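Working notes for the structure below.
All figures in this text were calculated on a predicted structure; none of them were measured in a lab. To find a chain, count down the sequence lines: A is the first, B the second, and so on, and within it residues start at 1.
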Number of protein chains: 2
Amino acid sequence: MAGLSSRSAVAIHALAMLAHRRGGPLTSTEIADSLDSNPVLVRRILGHLRDAHLIWSTEGRGGGWSLARSPRDITLYDAYAAVEEGQVFSRHTHPPSRACEVGRNIGDLLDAEFRSAERALEEQLGRTTIADLLQRILASDGEPRIH
Amino acid sequence: MAGLSSRSAVAIHALAMLAHRRGGPLTSTEIADSLDSNPVLVRRILGHLRDAHLIWSTEGRGGGWSLARSPRDITLYDAYAAVEEGQVFSRHTHPPSRACEVGRNIGDLLDAEFRSAERALEEQLGRTTIADLLQRILASDGEPRIH
DNA sequence: CTGACTGTAACTGAGCCAGTTACAGTTAAG
DNA sequence: CTTAACTGTAACTGGCTCAGTTACAGTCAG
């Protein structure tokens, strides 16, 4: 089962498409078609990427979405951080009993352990850029230039 | 918002209590009291820890739960792996379009990136043992031996 | 045989998520 | 100025997972 939403996957996919279409904008419908998803869903996620200054959009006819930075300056962590809110781990819904020596003190320590584990995950995501990913995508494509 | 369930937190809390009660068994009701939670919920989670051979249980009167290993041989990763099934990240629910050069090839690459990020999280969790955690819990307790 | 336990099935209510419909606002092209 | 192609958002749906609970069968000690 899945912990986080699939928004990170959608965001990274969209960023890779925008990097592929160097400079030129894409519409939410074009991106949704590649994802086999829905334009509204895509716009919601791209809205978060825009709020994080990774991309920008223009309205009206001929509008669409474009990268705001070089693909070399956007990591998978940037995409993850823009669309996934909150923490990976959940804590107790009720605070533990203060009558128990363990329950009284475990809270902060557990939070610290979980945060450091999440930080390790985030640092690993930060090691790959959209440019890296796109390069590998194109390299793994047997017959180039079909679409 | 939370990605994973709070089962890891409950499992680690329970393991720390069992380590604290060196050798002697605890009942699901005692553990649930410290968690301010429910005995049935605790038994469900402890059942997973037993399936992973971290603890064992005895039924009937005077029964309960005990550690099956030294707290130094149980890491936070062991608890996490026993109770959290599946992956942290979700992928697209529909497979991406095969007509798009990006969509056609991003799947496996994204899976590999996500798996390596999860592995970093898991390795970090594996660096702390229940014995480490319990020691810090007891150290941070101002007045020892209340419970 | 009674009471203290584990083990499980079944149900509930809450929250999150992907997906969709609907519609208001914006812009370029004719 | 009208139309069509877009973004931007609100509102709703159905499905899923989760924590929490009730209920009850099985096990074991005294």
Note to self: Applying a 4.0 Å non-hydrogen cut-off, can you work out what B/Gly64 is touching in the nucleic acid: base, sugar-phosphate, or nothing?
What the structure shows: sugar-phosphate
Checklist line | Euclidean distance, atom CG of residue A/Leu35 to atom C1' of C/dC17 [Å, nearest integer] | finding: 16 Å
Next item on the list: Compare all side-chain heavy atoms of B/Leu35 with those of B/Val10 and state whether any distance is below 4.5 angstrom.
Entry: yes
Next item on the list: Provide, to the nearest angstrom, the distance between the CZ atom belonging to B/Arg91 and the P atom belonging to C/dC17.
Entry: 18 Å
Check: Rounded to whole angstrom units, what separation is found between the CD atom of B/Glu85 and the C1' atom of D/dC16?
Finding: 13 Å
Checklist line | Partners meeting side chain to side chain contact (heavy atoms under 4.5 Å, CB included) with A/Leu41 (sequence neighbours left out) | finding: A/Ser37, A/Asn38, A/Arg44
Next item on the list: Would you please classify the geometry between the A/Phe89 ring and the B/Tyr80 ring as parallel, tilted or perpendicular, with 30° and 60° separating the classes?
Entry: perpendicular
Notebook entry, point to check: Under 4.0 Å between a side-chain N or O of A/Ser57 and OP1 or OP2 of D/dT7?
Noted result: no
Next item on the list: Measure from CZ on B/Arg50 to C1' on C/dC5 and round the result to the nearest Å.
Entry: 13 Å
Note to self: I need a per-nucleotide contact map over nucleotides 20-30 of chain D, read 5' to 3'. Cutoff is protein heavy atoms under 4.0 Å; write B for the base, S for backbone only, - otherwise.
What the structure shows: BBBB---BBB-
Notebook entry, point to check: What integer distance in Å separates B/Leu4:CG from D/dC18:P?
Noted result: 9 Å
Margin query: Do A/Arg43 and A/Arg50 have side chains that approach each other closer than 4.5 Å (heavy atoms only, starting at C-beta)?
Written below: no
Checklist line | Spacing between A/Gln87 atom CD and C/dC16 atom C1', to the nearest angstrom | finding: 17 Å
Margin query: If I take atom CD1 in residue A/Ile45 and atom P in nucleotide D/dT9, what distance separates them, rounded to the nearest angstrom?
Written below: 15 Å
Next item on the list: Would you please confirm or rule out a distance under 4.0 Å between OP1 or OP2 of D/dC6 and any side-chain N or O of A/Thr58?
Entry: no
Item checked: Side-chain heavy-atom pair B/Leu138, B/His20 within 4.5 angstrom cut-off -> yes
Next item on the list: To the nearest Å, give me how far apart CZ (A/Arg7) and C1' (C/dC16) are.
Entry: 9 Å
Notebook entry, point to check: Side chains of B/Glu30 and B/Arg21: closer than 4.5 Å at any heavy-atom pair?
Noted result: yes
Checklist line | Side-chain N or O of A/Thr27 closer than 4.0 Å to phosphate OP1/OP2 of D/dC6 | finding: no
Next item on the list: Could you check A/Thr129, A/Thr128, A/Asp132 and say which one makes a side chain to side chain contact (heavy atoms under 4.5 Å, CB included) with A/Leu76?
Entry: A/Thr128
